[in-house]
Amino acid sequence: MTMGTRVYLARLAALPVFDPNGDRVGRVRDAVVRLRTTNRPPQVVGLVAEMGLRRRIFVPIGRVTSMDAEAVVLSTGTLNLRRFEKRPNELLVLEDMLDRRVTIGPEGGTEPPKTGTVVDLGMDLNRNNEWLVTRVAVRQHTGRLTRRGHTFQVEYDRIRGLVGATDMQGSANLVALLEQMRPADMANALQDLSDARRNEVAAALSDRTLADVLEELPEHDQVEILVRLDRERAADVLERMDPDDAADLLAELPKSEQTVLLDLMEPEEAAPVRQLMSYTPGTAGSVMTSEPVILPPDATVAEALARIREPELSPVVAAQVFVARAPSATPSGKYLGMVHFQRLLREPPSSILGGLIETDIDPLQPETNLTEITRRMATYDLVAMPVVDSSFRLVGAVTVDDVLDHSLPRDWRDRDVTDDDHALSLLPGLDHERNAGADA
């Protein structure tokens, strides 16, 4: 995809955006089209880019100098940092147009109209230097349950139903695009959708993907999505969440609903969640993960390195191995110490963990409060600390992301406008006015 050729808008999703100096500005989240009179093709007026701090901004299409399969490059680094808001005559391609069920008029003759689902939209540059939606990629409906319709392109003026009420919009293609993103980016994209669209798309995600996304959403969005699932599906999703995140989410529900969902979960999956929910809020027990990496003292460095390389482990959990006597699941046998991954990298693969453990850091107790946890982690520059019970059995580990998550305001994941927006919009050198469709 390069300027002067047809560009397919869904393919731009999640591409990095760079300024002329090669500095990254953000990522493409959507494209903005402006509706015009009669059935004239919509005009693509800009892109929606997401910057740091979960801020979505409008980038006029006239400021884009190149678009290809790897990146979008701008002609300027001066941008309006006000949060993007859709105007009444505008639509977003991914949010409003993708997955639409449309009718394709006949190209000629007396052949009957066809029906299909929009999978992408192509834009072309006309003589007036305007980008217009000229082609629509559609997957035809075959009416056969066992056969997937073929995908083909048609001119925009043959399409009916692309603009209007959203009751004829599916979610398959948007889900496919979202699943290529990191969970945090996917959560940001979901927050940009209407409530109905967000719930529809969330329900179409796999249990594993939805679990990862829920962990990145604000609590009120987590609750809204979960309660709209049937209870069996909700229990399946909770089983795939980290126990501490599942416990936090269940804590937002009424007691009666907590009981129902915990009873529907597999007993071995529900047990650590029940245990976490029994601790006092704001303590090590309530914020810890109950599934750190635990190995016996006779395990080798090679075994430890293989364990922390497992892709499902988060970086903070994989940063250290906790050593305890059998059993190697929480609550473990007697806790002995921990080995940081940097130490593992410096030792021969055949070395035994029991000879490498660090024992000079006192473990936390389940009742240790968050202030004390933060102070001790900062003092010793740790990314995780063990939590032991009165019998010195390892019951979990508090990681730095747990501390941050519970130290920040409850609504820190929200995309709502903050007081910082006004200050940012007044910074010198910023373009203060959004002129959709113009190269301001």
Side-chain angles (χ1 to χ4, degrees), residues 238-239 241-251 255 258-259 262-263 265-299 304 307-308 313-314 316-340 343 352-407:
L238 287 166
E239 288 174 358
M241 295 178 68
D242 289 339
D244 52 329
D245 291 309
D248 290 342
L249 175 50
L250 283 169
K255 291 287 186 183
Q258 294 176 18
T259 301
L262 284 167
D263 288 344
M265 294 172 66
E266 293 294 330
E268 64 271 20
E269 300 289 348
V273 179
R274 292 181 190 274
Q275 183 61 50
L276 289 168
M277 295 179 70
S278 70
Y279 293 114
T280 304
T283 63
S286 69
V287 304
M288 68 183 182
T289 175
S290 57
E291 298 180 343
V293 178
I294 307 173
L295 289 174
D298 58 351
R307 179 73 177 89
I308 65 174
L313 295 177
S314 68
V316 288
V317 171
Q320 59 283 302
V321 173
F322 296 98
V323 181
R325 300 198 183 280
S328 293
T330 56
S332 70
K334 181 182 179 182
Y335 171 69
L336 300 175
M338 64 180 179
V339 185
H340 196 271
R343 178 71 185 274
I352 302 300
L353 294 185
L356 306 177
I357 55 176
E358 299 177 14
T359 59
D360 55 343
I361 302 295
D362 292 333
L364 302 170
Q365 302 296 315
E367 60 273 13
T368 305
N369 63 49
L370 197 57
T371 300
E372 175 64 13
I373 297 169
T374 305
R375 186 187 66 81
R376 291 176 61 180
M377 292 184 76
T379 298
Y380 298 111
D381 295 325
L382 297 173
V383 296
M385 290 194 71
V387 183
V388 300
D389 63 13
S390 58
S391 300
F392 221 70
R393 299 180 303 172
L394 186 69
V395 294
V398 176
T399 59
V400 66
D401 59 328
D402 295 326
V403 173
L404 288 172
D405 203 15
H406 289 81
S407 299

(message) Between R376 (side chain only) and I361 (backbone N and O only), is there a donor and an acceptor less than 3.5 Å apart?
(response) no
(message) Give me the atom names and distance for the closest heavy-atom approach of L313 to V317.
(response) CD2-CG1, 4.1 Å
(message) Testing the basics here: between L295 and A304, what is the closest heavy-atom pair and its distance to 0.1 Å?
(response) CD1-CA, 3.5 Å
(request) Would you list the pairs meeting salt bridge (charged side-chain N to carboxylate O under 4.0 Å, His left out) in which at least one residue belongs to residues 326-338, sequence neighbours left out? (result) none
(request) Could you list all the salt bridge (charged side-chain N to carboxylate O under 4.0 Å, His left out) pairs where at least one residue sits in residues 278-287, not counting sequence neighbours? (result) none
(request) With side chain to side chain contact (heavy atoms under 4.5 Å, CB included) as the test, would you mind laying out the steps for V339 and E358 before giving the verdict? (result) CA-CA 6 Å; V339 185; E358 299 177 14; over 6 Å; no
(request) Can you sort out the partners of E239 under side chain to side chain contact (heavy atoms under 4.5 Å, CB included), two or more places apart, ordered by chain and number? (result) D236, M265, E266, E269
(request) Enter the distance from M338:CE to M385:CE here, rounded to the nearest 0.5 Å. (result) 6.5 Å
(message) I need the L336 CG to T359 OG1 distance, nearest 0.5 Å.
(response) 9.5 Å
Could you pull out every donor-acceptor pair under 3.5 Å between side chains of residues 319-330 and any protein atom, sequence neighbours left out?
unit_1 : atom_1 : unit_2 : atom_2 : d
Q320   : NE2    : V316   : O      : 2.8
T330   : OG1    : S290   : O      : 2.7

With a 3.5 Å cut-off and sequence neighbours excluded, list the donor-acceptor pairs that the side chains of residues 275-287 form with protein atoms.
unit_1 : atom_1 : unit_2 : atom_2 : d
Q275   : NE2    : S278   : OG     : 3.3
Q275   : NE2    : Y279   : OH     : 3.2
S278   : OG     : Q275   : O      : 2.5
T283   : OG1    : T280   : O      : 2.6
T283   : OG1    : P366   : O      : 3.3
S286   : OG     : T280   : O      : 3.3
S286   : OG     : G282   : N      : 3.1
S286   : OG     : T283   : N      : 3.1
S286   : OG     : T283   : O      : 2.8

(request) With sequence neighbours excluded, tell me which residues meet side-chain hydrogen bond (donor to acceptor under 3.5 Å, both in side chains) with E372. (result) R375
(request) Please list, chain by chain and in numerical order, all residues satisfying side-chain hydrogen bond (donor to acceptor under 3.5 Å, both in side chains) with D263, sequence neighbours excluded. (result) R274
For residues 392-402, please give each side-chain donor-acceptor pair under 3.5 Å, one per line with the distance, not counting sequence neighbours.
unit_1 : atom_1 : unit_2 : atom_2 : d
R393   : NE     : D389   : OD2    : 2.8
R393   : NH2    : D389   : OD2    : 2.9
T399   : OG1    : D401   : OD1    : 2.3
T399   : OG1    : D402   : OD2    : 2.8
D402   : OD2    : T399   : N      : 3.1

(request) Please lay out, stage by stage, how T289 and D242 fare under the test side chain to side chain contact (heavy atoms under 4.5 Å, CB included). (result) CA-CA 8 Å; T289 175; D242 289 339; 5.5 Å; no
(request) Could I get the full list of salt bridge (Lys or Arg N to Asp or Glu O under 4.0 Å) partners for R307, not counting sequence neighbours? (result) E310
